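To start, the structure under review is shown below, and the notes come after it.
What you see below is based on every heavy atom in this structure, not just the backbone, and it leaves out hydrogens, waters and symmetry mates. Chain letters run A, B, ... following the sequence lines, proteins first, then strands; residues in each count from 1. It should be emphasised that the depicted structure is a prediction, and the values quoted were computed from it without experimental measurement.
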Amino acid sequence: IVTYNSLVHGLCCGGHWREGISLLYKMIWKGIKPDLVTYSSLLHCLCHLDHWSEAYLVLEKMMNEGIRPNIVTCTSLIQALCTLGHWEEVRSLFNIMIEVGIVPTVRTFTTVIDAFCKEGMVSEAEDMFDKMKKANVEPDVFTYNAMMEGYCLQKRMDEAREVFDSMAERDCSANKPNIVSYSILIHGYCRAKRVDKALDLFHEMQDKGMIPEVIVYTTLIDGFCHIDNVERALAIFNKMQADGVNPD
RNA sequence: UAAGCCGCC
(Lines give C-alpha, C1' and ligand atoms only; values in the text may rest on other atoms or scores of the structure.)
Protein backbone atom coordinates (compact mmCIF):
# COMPACT_ATOMS: atom_id res chain seq x y z
CA ILE A 1 0.00 0.00 0.00
CA VAL A 2 2.86 2.36 0.74
CA THR A 3 4.36 1.65 -2.67
CA TYR A 4 1.04 2.26 -4.39
CA ASN A 5 0.46 5.43 -2.42
CA SER A 6 3.86 6.77 -3.37
CA LEU A 7 3.16 6.00 -7.00
CA VAL A 8 -0.27 7.63 -6.94
CA HIS A 9 1.20 10.72 -5.34
CA GLY A 10 4.15 10.85 -7.71
CA LEU A 11 1.94 10.50 -10.77
CA CYS A 12 -0.62 13.08 -9.71
CA CYS A 13 1.80 15.67 -8.46
CA GLY A 14 3.70 15.30 -11.69
CA GLY A 15 0.50 16.29 -13.47
CA HIS A 16 -0.41 12.77 -14.58
CA TRP A 17 -3.57 12.67 -12.57
CA ARG A 18 -5.47 10.46 -14.99
CA GLU A 19 -2.80 7.81 -14.54
CA GLY A 20 -3.01 8.36 -10.79
CA ILE A 21 -6.73 7.70 -10.82
CA SER A 22 -6.28 4.64 -13.05
CA LEU A 23 -3.83 3.34 -10.53
CA LEU A 24 -6.42 3.85 -7.79
CA TYR A 25 -8.81 1.64 -9.75
CA LYS A 26 -6.07 -0.87 -10.43
CA MET A 27 -5.47 -1.11 -6.68
CA ILE A 28 -9.14 -1.84 -6.07
CA TRP A 29 -9.12 -4.40 -8.91
CA LYS A 30 -6.19 -6.16 -7.31
CA GLY A 31 -7.93 -6.19 -3.96
CA ILE A 32 -5.72 -3.58 -2.34
CA LYS A 33 -7.97 -1.16 -0.55
CA PRO A 34 -6.89 2.44 -1.06
CA ASP A 35 -6.56 4.07 2.34
CA LEU A 36 -6.75 7.54 3.86
CA VAL A 37 -3.31 8.41 2.51
CA THR A 38 -4.19 7.32 -1.04
CA TYR A 39 -7.33 9.45 -1.14
CA SER A 40 -5.82 12.41 0.66
CA SER A 41 -2.81 12.65 -1.58
CA LEU A 42 -4.96 12.30 -4.69
CA LEU A 43 -7.26 14.98 -3.37
CA HIS A 44 -4.39 17.30 -2.63
CA CYS A 45 -2.81 16.91 -6.05
CA LEU A 46 -6.11 17.32 -7.90
CA CYS A 47 -6.80 20.53 -6.00
CA HIS A 48 -3.36 21.84 -6.90
CA LEU A 49 -4.03 21.07 -10.55
CA ASP A 50 -7.38 22.92 -10.32
CA HIS A 51 -9.34 19.77 -11.10
CA TRP A 52 -12.06 20.59 -8.63
CA SER A 53 -14.78 18.27 -9.88
CA GLU A 54 -12.44 15.29 -9.93
CA ALA A 55 -11.27 16.22 -6.46
CA TYR A 56 -14.87 16.29 -5.30
CA LEU A 57 -15.47 12.83 -6.74
CA VAL A 58 -12.41 11.47 -4.96
CA LEU A 59 -13.60 12.96 -1.68
CA GLU A 60 -17.04 11.51 -2.23
CA LYS A 61 -15.60 8.07 -3.03
CA MET A 62 -13.46 8.18 0.08
CA MET A 63 -16.47 9.03 2.24
CA ASN A 64 -18.49 6.26 0.56
CA GLU A 65 -15.77 3.83 1.52
CA GLY A 66 -16.32 4.89 5.09
CA ILE A 67 -12.93 6.59 5.36
CA ARG A 68 -13.11 9.75 7.45
CA PRO A 69 -10.92 12.73 6.61
CA ASN A 70 -8.19 13.52 9.11
CA ILE A 71 -6.33 16.76 9.75
CA VAL A 72 -4.11 16.33 6.69
CA THR A 73 -7.14 15.84 4.42
CA CYS A 74 -8.90 18.80 5.97
CA THR A 75 -5.86 21.05 5.61
CA SER A 76 -5.70 20.23 1.91
CA LEU A 77 -9.41 20.96 1.57
CA ILE A 78 -9.04 24.22 3.45
CA GLN A 79 -6.20 25.22 1.17
CA ALA A 80 -8.35 24.45 -1.86
CA LEU A 81 -11.18 26.60 -0.51
CA CYS A 82 -8.67 29.38 0.12
CA THR A 83 -7.42 29.18 -3.46
CA LEU A 84 -11.02 29.50 -4.62
CA GLY A 85 -11.53 32.45 -2.30
CA HIS A 86 -14.46 30.74 -0.59
CA TRP A 87 -13.76 32.33 2.77
CA GLU A 88 -17.07 31.50 4.37
CA GLU A 89 -16.55 27.84 3.57
CA VAL A 90 -13.01 28.02 4.91
CA ARG A 91 -14.41 29.26 8.20
CA SER A 92 -17.19 26.70 8.31
CA LEU A 93 -14.92 23.78 7.48
CA PHE A 94 -12.51 25.00 10.14
CA ASN A 95 -15.29 25.12 12.72
CA ILE A 96 -16.90 21.84 11.73
CA MET A 97 -13.51 20.18 11.93
CA ILE A 98 -13.07 21.33 15.50
CA GLU A 99 -16.62 20.27 16.39
CA VAL A 100 -15.93 16.72 15.23
CA GLY A 101 -12.71 16.62 17.19
CA ILE A 102 -10.12 17.05 14.45
CA VAL A 103 -7.36 19.15 15.98
CA PRO A 104 -5.79 21.82 13.75
CA THR A 105 -2.01 21.82 13.60
CA VAL A 106 0.43 24.62 12.95
CA ARG A 107 0.18 23.80 9.24
CA THR A 108 -3.59 24.17 9.23
CA PHE A 109 -3.42 27.58 10.85
CA THR A 110 -0.54 28.67 8.64
CA THR A 111 -2.38 27.63 5.47
CA VAL A 112 -5.27 29.91 6.40
CA ILE A 113 -3.07 32.75 7.67
CA ASP A 114 -1.01 32.67 4.51
CA ALA A 115 -4.09 32.74 2.30
CA PHE A 116 -5.59 35.68 4.20
CA CYS A 117 -2.31 37.55 3.98
CA LYS A 118 -1.92 37.02 0.27
CA GLU A 119 -5.47 38.25 -0.22
CA GLY A 120 -4.73 41.41 1.77
CA MET A 121 -6.95 40.28 4.65
CA VAL A 122 -4.36 41.02 7.29
CA SER A 123 -6.71 41.62 10.18
CA GLU A 124 -8.36 38.26 9.54
CA ALA A 125 -4.88 36.74 9.53
CA GLU A 126 -4.13 38.44 12.84
CA ASP A 127 -7.34 37.00 14.29
CA MET A 128 -6.32 33.53 13.14
CA PHE A 129 -2.88 34.03 14.63
CA ASP A 130 -4.46 34.88 18.00
CA LYS A 131 -6.76 31.90 17.70
CA MET A 132 -3.75 29.70 17.14
CA LYS A 133 -2.03 31.00 20.23
CA LYS A 134 -5.21 30.48 22.25
CA ALA A 135 -5.27 26.88 21.01
CA ASN A 136 -1.70 26.50 22.29
CA VAL A 137 -0.34 25.83 18.85
CA GLU A 138 3.13 27.34 18.45
CA PRO A 139 3.72 29.41 15.33
CA ASP A 140 6.78 28.36 13.36
CA VAL A 141 8.93 30.04 10.73
CA PHE A 142 6.30 29.40 8.02
CA THR A 143 3.67 31.14 10.12
CA TYR A 144 5.86 34.16 10.79
CA ASN A 145 6.86 34.34 7.14
CA ALA A 146 3.21 34.37 6.14
CA MET A 147 2.42 37.22 8.56
CA MET A 148 5.47 39.14 7.43
CA GLU A 149 4.43 38.85 3.84
CA GLY A 150 0.95 40.04 4.71
CA TYR A 151 2.34 43.23 6.20
CA CYS A 152 4.82 43.66 3.35
CA LEU A 153 2.08 43.43 0.73
CA GLN A 154 0.26 46.25 2.54
CA LYS A 155 3.52 48.21 2.71
CA ARG A 156 3.27 48.04 6.50
CA MET A 157 7.01 47.56 6.74
CA ASP A 158 7.32 48.51 10.41
CA GLU A 159 4.99 45.72 11.40
CA ALA A 160 6.71 43.29 9.05
CA ARG A 161 9.98 44.23 10.68
CA GLU A 162 8.51 43.64 14.14
CA VAL A 163 7.55 40.11 13.15
CA PHE A 164 11.01 39.54 11.75
CA ASP A 165 12.69 40.82 14.89
CA SER A 166 10.44 38.79 17.16
CA MET A 167 11.43 35.75 15.16
CA ALA A 168 15.12 36.58 15.42
CA GLU A 169 14.86 36.92 19.20
CA ARG A 170 13.46 33.46 19.72
CA ASP A 171 15.90 30.98 21.10
CA CYS A 172 14.35 28.09 19.27
CA SER A 173 16.70 27.91 16.32
CA ALA A 174 14.14 26.20 14.11
CA ASN A 175 12.11 29.40 14.24
CA LYS A 176 14.88 31.81 13.37
CA PRO A 177 14.44 33.73 10.13
CA ASN A 178 15.45 31.58 7.16
CA ILE A 179 16.30 32.46 3.58
CA VAL A 180 12.63 32.83 2.74
CA SER A 181 12.13 35.25 5.66
CA TYR A 182 14.93 37.43 4.32
CA SER A 183 13.60 37.16 0.81
CA ILE A 184 10.13 38.29 1.86
CA LEU A 185 11.41 41.26 3.83
CA ILE A 186 13.88 42.25 1.09
CA HIS A 187 11.02 42.14 -1.38
CA GLY A 188 8.89 44.25 0.93
CA TYR A 189 11.56 46.92 1.25
CA CYS A 190 12.09 46.93 -2.51
CA ARG A 191 8.38 47.43 -3.15
CA ALA A 192 8.38 50.24 -0.61
CA LYS A 193 11.30 51.77 -2.54
CA ARG A 194 13.59 51.25 0.44
CA VAL A 195 16.24 49.41 -1.49
CA ASP A 196 18.85 50.63 1.02
CA LYS A 197 17.09 48.65 3.74
CA ALA A 198 16.84 45.68 1.41
CA LEU A 199 20.57 45.79 0.78
CA ASP A 200 21.29 45.91 4.51
CA LEU A 201 19.33 42.70 4.91
CA PHE A 202 21.06 41.16 1.92
CA HIS A 203 24.39 41.73 3.63
CA GLU A 204 23.07 40.66 7.00
CA MET A 205 21.89 37.31 5.71
CA GLN A 206 25.30 36.63 4.23
CA ASP A 207 26.97 37.60 7.51
CA LYS A 208 24.78 34.95 9.11
CA GLY A 209 26.18 32.41 6.69
CA MET A 210 23.16 32.14 4.43
CA ILE A 211 23.74 31.71 0.73
CA PRO A 212 21.24 33.86 -1.20
CA GLU A 213 19.43 32.02 -3.94
CA VAL A 214 18.54 33.34 -7.36
CA ILE A 215 15.22 34.63 -6.01
CA VAL A 216 16.94 37.06 -3.66
CA TYR A 217 19.18 38.46 -6.38
CA THR A 218 16.24 38.78 -8.75
CA THR A 219 14.23 40.64 -6.12
CA LEU A 220 17.04 43.16 -5.67
CA ILE A 221 17.66 43.55 -9.41
CA ASP A 222 13.96 44.18 -9.88
CA GLY A 223 14.00 46.62 -6.96
CA PHE A 224 16.83 48.67 -8.44
CA CYS A 225 15.20 48.65 -11.87
CA HIS A 226 12.00 50.03 -10.38
CA ILE A 227 13.83 52.98 -8.92
CA ASP A 228 15.57 53.50 -12.28
CA ASN A 229 18.96 52.55 -10.96
CA VAL A 230 20.01 50.20 -13.71
CA GLU A 231 23.71 50.50 -12.82
CA ARG A 232 23.09 49.07 -9.35
CA ALA A 233 20.85 46.43 -10.87
CA LEU A 234 23.63 45.40 -13.22
CA ALA A 235 26.10 45.40 -10.37
CA ILE A 236 23.91 42.91 -8.51
CA PHE A 237 23.53 40.85 -11.66
CA ASN A 238 27.31 40.67 -12.00
CA LYS A 239 27.80 39.95 -8.33
CA MET A 240 25.30 37.12 -8.58
CA GLN A 241 27.37 35.43 -11.24
CA ALA A 242 30.60 36.15 -9.37
CA ASP A 243 28.95 34.43 -6.38
CA GLY A 244 28.36 31.40 -8.55
CA VAL A 245 24.60 31.81 -8.90
CA ASN A 246 23.28 31.36 -12.42
CA PRO A 247 20.55 33.65 -13.73
CA ASP A 248 17.37 31.79 -14.60
C1' U B 1 3.63 6.92 1.77
C1' A B 2 -0.38 12.42 1.98
C1' A B 3 -1.12 18.94 4.11
C1' G B 4 1.61 25.13 4.97
C1' C B 5 6.29 30.15 3.21
C1' C B 6 9.64 33.97 -1.20
C1' G B 7 11.20 36.81 -6.97
C1' C B 8 10.62 38.04 -12.44
C1' C B 9 7.09 36.77 -16.38
Side-chain angles (χ1 to χ4, degrees), chain A residues 1-13 20 23-24 27 32 34-48 55 58-59 62 67 69-83 90 93 97 102-118 125 128-129 132 137 139-153 160 163-164 167 175 177-191 198 201-202 205 210 212-226 233 236-237 240 245 247-248:
Chain A
I1 182 81
V2 174
T3 315
Y4 274 104
N5 285 349
S6 299
L7 268 172
V8 167
H9 185 247
L11 281 170
C12 286
C13 282
L23 194 56
L24 176 89
M27 287 169 77
I32 301 168
D35 65 2
L36 177 61
V37 175
T38 325
Y39 288 109
S40 297
S41 76
L42 250 177
L43 198 59
H44 172 250
C45 297
L46 287 171
C47 289
H48 267 261
V58 168
L59 179 64
M62 178 176 98
I67 299 172
N70 69 358
I71 188 56
V72 175
T73 326
C74 289
T75 304
S76 291
L77 287 173
I78 286 175
Q79 189 180 31
L81 293 172
C82 286
T83 304
V90 169
L93 178 54
M97 211 175 73
I102 299 175
V103 182
T105 67
V106 57
R107 290 198 190 200
T108 318
F109 282 106
T110 304
T111 298
V112 178
I113 289 172
D114 184 57
F116 280 149
C117 284
K118 286 190 165 69
M128 194 51 81
F129 191 83
M132 172 167 72
V137 177
D140 66 9
V141 62
F142 287 68
T143 323
Y144 288 116
N145 286 349
M147 286 303 305
M148 259 180 42
E149 195 186 11
Y151 291 124
C152 285
L153 291 173
V163 175
F164 184 85
M167 212 185 331
N175 282 347
N178 60 10
I179 294 194
V180 176
S181 322
Y182 275 95
S183 222
I184 291 169
L185 203 55
I186 286 173
H187 188 210
Y189 279 125
C190 286
R191 281 175 45 102
L201 285 165
F202 178 65
M205 69 188 288
M210 294 182 196
E213 297 168 345
V214 64
I215 290 185
V216 177
Y217 290 97
T218 309
T219 304
L220 282 168
I221 290 169
D222 189 57
F224 277 120
C225 287
H226 276 97
I236 299 284
F237 183 67
M240 169 171 92
V245 175
D248 63 5

Interatomic spacing from CG in A/Asn5 to CG in A/Leu23 - rounded to 0.5 Å: 9.0 Å
With A/Thr143, the side-chain hydrogen bond (donor to acceptor under 3.5 Å, both in side chains) member among A/Thr110, A/Thr111, A/Asn175: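 Exactly one option meets the side-chain hydrogen bond (donor to acceptor under 3.5 Å, both in side chains) with A/Thr143, and it is A/Thr110.
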Closest non-hydrogen atom pair between A/Pro139 and A/Met132, with its separation: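 Scanning both residues, the minimum pair turns out to be CB-CE, 3.6 Å.
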Taking all atoms of both residues into account, what is the closest heavy-atom pair of A/Leu220 and A/Ala198, and its distance? CD2-CB, 3.9 Å
What is the nucleic acid contact for [X], judged by heavy atoms within less than 4.0 Å: base, sugar-phosphate only, or nothing?
{"X": "A/Thr105", "value": "base"}
{"X": "A/Thr219", "value": "sugar-phosphate"}
{"X": "A/Ser40", "value": "base"}
{"X": "A/Thr143", "value": "base"}
{"X": "A/Ser41", "value": "sugar-phosphate"}

Hey, could you give me each pair passing salt bridge (charged side-chain N to carboxylate O under 4.0 Å, His left out) that has a residue in residues 102-115 of chain A? Not counting sequence neighbours. A/Asp114-A/Lys118
So, do A/Phe164 and A/Tyr144 have ring centers that fall under 6.0 Å from each other?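 No, too far apart.
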Anything under 4.0 Å to a heavy atom of chain A counts; send over the first and last such nucleotide of RNA chain B, read 5' to 3'.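 The contact span of chain A on RNA chain B goes from B/rU1 to B/rC8.
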